[in-house]
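Data block below; observations after.
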Amino acid sequence: MTGGARVAVVTGGANGIGLACVRRLSDDGFTVVVADTDAEAGVRVTAEIPRAEFVACDVRVRQDIDRVAGTALEIGRGRLHALVNNAGQTARVRFADSDETTWRRLDVVNLHSVFSFTHACLAGLTAGRGSVVSVASVAGLVGAEDLSAYSSTKAGIIALTRSLALEHGEVIRFDAVCPGQIATRMMARVQTDDDLRTAVAAQIPAGRLGRPEEVADVVAWLLSDGAGYVNGVAIAVDGGESAGFRRLKPGVALHDHTPAR
Ligand SMILES: NC(=O)c1ccc[n+]([C@@H]2O[C@H](COP(=O)([O-])OP(=O)(O)OC[C@H]3O[C@@H](n4cnc5c(N)ncnc54)[C@H](O)[C@@H]3O)[C@@H](O)[C@H]2O)c1
Ligand SMILES: O=S(=O)(O)c1ccc(CO)cc1
C-alpha cells in the first residue's frame, strides 16, 4: 500500500467479537470505522481505542450503511482496505414454533446486511485492493438444532462469500470465519449457568468456550498480506467442535469395539 491511512469498517464492532476485531485492527495500524446500533458502547470504543471512529448504524437501513461507507471513504480518500461483516443476532426456537418475524429479522440483520454493506463498499474496496471477512458460524457449516433460521443465514453468508471470491478474486479477497461457542453476551446463559457451561465445554475438544480475541486473531490474519493467496475459505474457529463426533463420556466410546479376527 502506498501512503494514506489503511481503513477498515467493522459492523457490530461495539461489543463481543466485533469489538475484539476493532481492538486488533487498531493495534495493526488500521483506522477503524465502527458501525453499530449500540451508541453507548460505541462512544466508549471511540474514547478508548486509538484510530477508532463510531458511526451509529443499523445494518438493516441502507441510508445508515451509506453514511458508514461515506465516512470510511472520506478517511481513506476513496480507498477502503478491510470490511468485517460481523453484526448479527440469534433466535433459539424450534422450527415448528418459529415465525415469519423471526426469519425475516435474522435474514435482514445477518445475511442481507452482508450484501448491502459489501455492495456499498465495493468501489472503495476495489480502489484499495481490500479484503472482506464475514462472520458466519459453525452453525452455517453444519445444522444446529433450535437454530434453523440462524444457521440458514450463516450458511448463506458462506455461499455469498465463495460466490464473491469467484467474481472479484483478482482484486478483492472474500473469506469467512465460523466461530463455535465464544464467550460474548450472545452466549450469556452458557457463561452464567455452571452446569450448562460444563456440558457445552464437554462437547468441545479444547474443553472451553472460545474468547472473542481468538476469533479476532483469525480475522486479522485473513485481512493481512500473510493471507494474500487465501480466498473463498470458511475457517472454523471453534476449538475443534465441528471436527466430528466425540465420546459421550470420558472413557465411553460411541460404539463397542469388536476386534477383527
Ligand atoms: N458468540 C458466539 O458464540 C458466536 C458464534 C458464532 C458466530 N457468532 C457471530 O458473531 C457475530 C458477533 O456476535 P457476538 O457474539 O459478538 O454478539 P454480541 O451480541 O456480543 O455483539 C453483536 C454486536 O452486533 C450489534 N448489532 C446487532 N444488531 C445490529 C444491527 N441491526 N445493526 C448494527 N449492529 C447490530 C450489537 O449491537 C452488538 O454490538 C454475530 O454475527 C454472531 O452471529 C457468534
Ligand atoms: O442462540 S444461541 O443458542 O445462544 C447460539 C448458539 C450457537 C451459536 C453459534 O453461532 C450462536 C448462538
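Each ligand, and each atom within it, is numbered from 1 in the order the structure gives. Computed from heavy atoms alone, side chains included, the values below leave out hydrogens, waters and symmetry copies.
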[atom] [closest protein heavy-atom partner, distance rounded to 0.1 Å]:
| atom | value |
| --- | --- |
| atom 39 (O) of ligand 1 | D36 OD2, 2.6 Å |
| atom 3 (O) of ligand 2 | R92 NE, 2.6 Å |
| atom 32 (N) of ligand 1 | V59 N, 2.9 Å |
| atom 40 (C) of ligand 1 | N86 O, 3.2 Å |
| atom 8 (N) of ligand 1 | Y150 OH, 3.5 Å |
| atom 4 (O) of ligand 2 | M186 O, 3.4 Å |
| atom 7 (C) of ligand 2 | M187 CE, 3.3 Å |
| atom 22 (C) of ligand 1 | G88 O, 4.2 Å |
| atom 6 (C) of ligand 1 | P179 O, 3.3 Å |
| atom 24 (O) of ligand 1 | G12 CA, 3.5 Å |
| atom 14 (P) of ligand 1 | T184 OG1, 3.6 Å |

Option whose closest heavy atom lies nearest to [atom], chosen from [options]:
| atom | options | value |
| --- | --- | --- |
| atom 35 (C) of ligand 1 | V237, V34, T37 | T37 |
| atom 1 (O) of ligand 2 | V200, T184, T90 | T90 |
| atom 9 (C) of ligand 2 | G88, A188, S137, A139 | S137 |
| atom 10 (O) of ligand 1 | V135, V215, L106 | V135 |

At under 4.0 Å between heavy atoms, is it the side chain or the backbone of [X] that contacts ligand 1, or both, or neither?
| X | answer |
| --- | --- |
| A139 | neither |
| C57 | backbone |
| N15 | both |

Are any of the N or O atoms of [X] closer than 3.5 Å to those of ligand 1?
| X | answer |
| --- | --- |
| I17 | yes |
| D38 | no |
| Q181 | no |
| S137 | no |
| M186 | no |
| A35 | no |
| M187 | no |

Against heavy atoms of [X], which atoms of ligand 1 measure under 4.0 Å?
| X | value |
| --- | --- |
| G16 | 16 (O), 20 (O) |
| D58 | 30 (C), 31 (N), 32 (N) |
| K154 | 40 (C), 41 (O), 42 (C), 43 (O) |

Applying the side chain to side chain contact (heavy atoms under 4.5 Å, CB included) criterion to I172, which one of L80, T118, V132 satisfies it? V132

Find the distance between [atom1] ([X]) and [atom2] ([Y]) and round it off to the nearest 0.5 Å.
| X | Y | atom1 | atom2 | answer |
| --- | --- | --- | --- | --- |
| D66 | T71 | CG | OG1 | 10.5 Å |
| L111 | K154 | CG | NZ | 9.5 Å |
| S131 | L222 | OG | CG | 8.5 Å |
| R162 | I157 | CZ | CD1 | 13.0 Å |
| L164 | D175 | CG | CG | 11.0 Å |

Could D28 and R24 be called an ion pair, given the rule that one side-chain N must be under 4.0 Å from one carboxylate O?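 Yes, charged N to carboxylate O under 4.0 Å.
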
With a 4.0 Å cut-off on N to O distance, would you call R67 and D64 a salt bridge?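 A salt bridge links R67 with D64.
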
Quick one: are [X] and [Y] in side-chain contact, heavy atoms under 4.5 Å?
| X | Y | answer |
| --- | --- | --- |
| V34 | T46 | no |
| V7 | F30 | no |
| E145 | R94 | yes |
| I17 | P179 | yes |
| V84 | L223 | yes |
| W221 | I235 | yes |
| H119 | R62 | yes |

Would you call the rings of H112 and F115 parallel, tilted or perpendicular if under 30° counts as parallel and over 60° as perpendicular?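 It falls in the perpendicular class, over 60°.
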
Look at the aromatic rings of F95 and W103 and report parallel, tilted or perpendicular, splitting at 30° and 60°. perpendicular

Decide whether an N or O pair under 3.5 Å exists between Q181 and ligand 2.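 Not met; the criterion fails.
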
Is the shortest distance from a heavy atom of G180 to ligand 1 less than 4.0 Å? yes

Any A136 heavy atom less than 4.0 Å to ligand 1: yes

Assess the side chains of D195 and T198: does a donor N or O sit below 3.5 Å from an acceptor N or O? no

Check each heavy atom of V138 against ligand 2 and say whether those closer than 4.0 Å belong to the side chain, the backbone, both or neither. neither

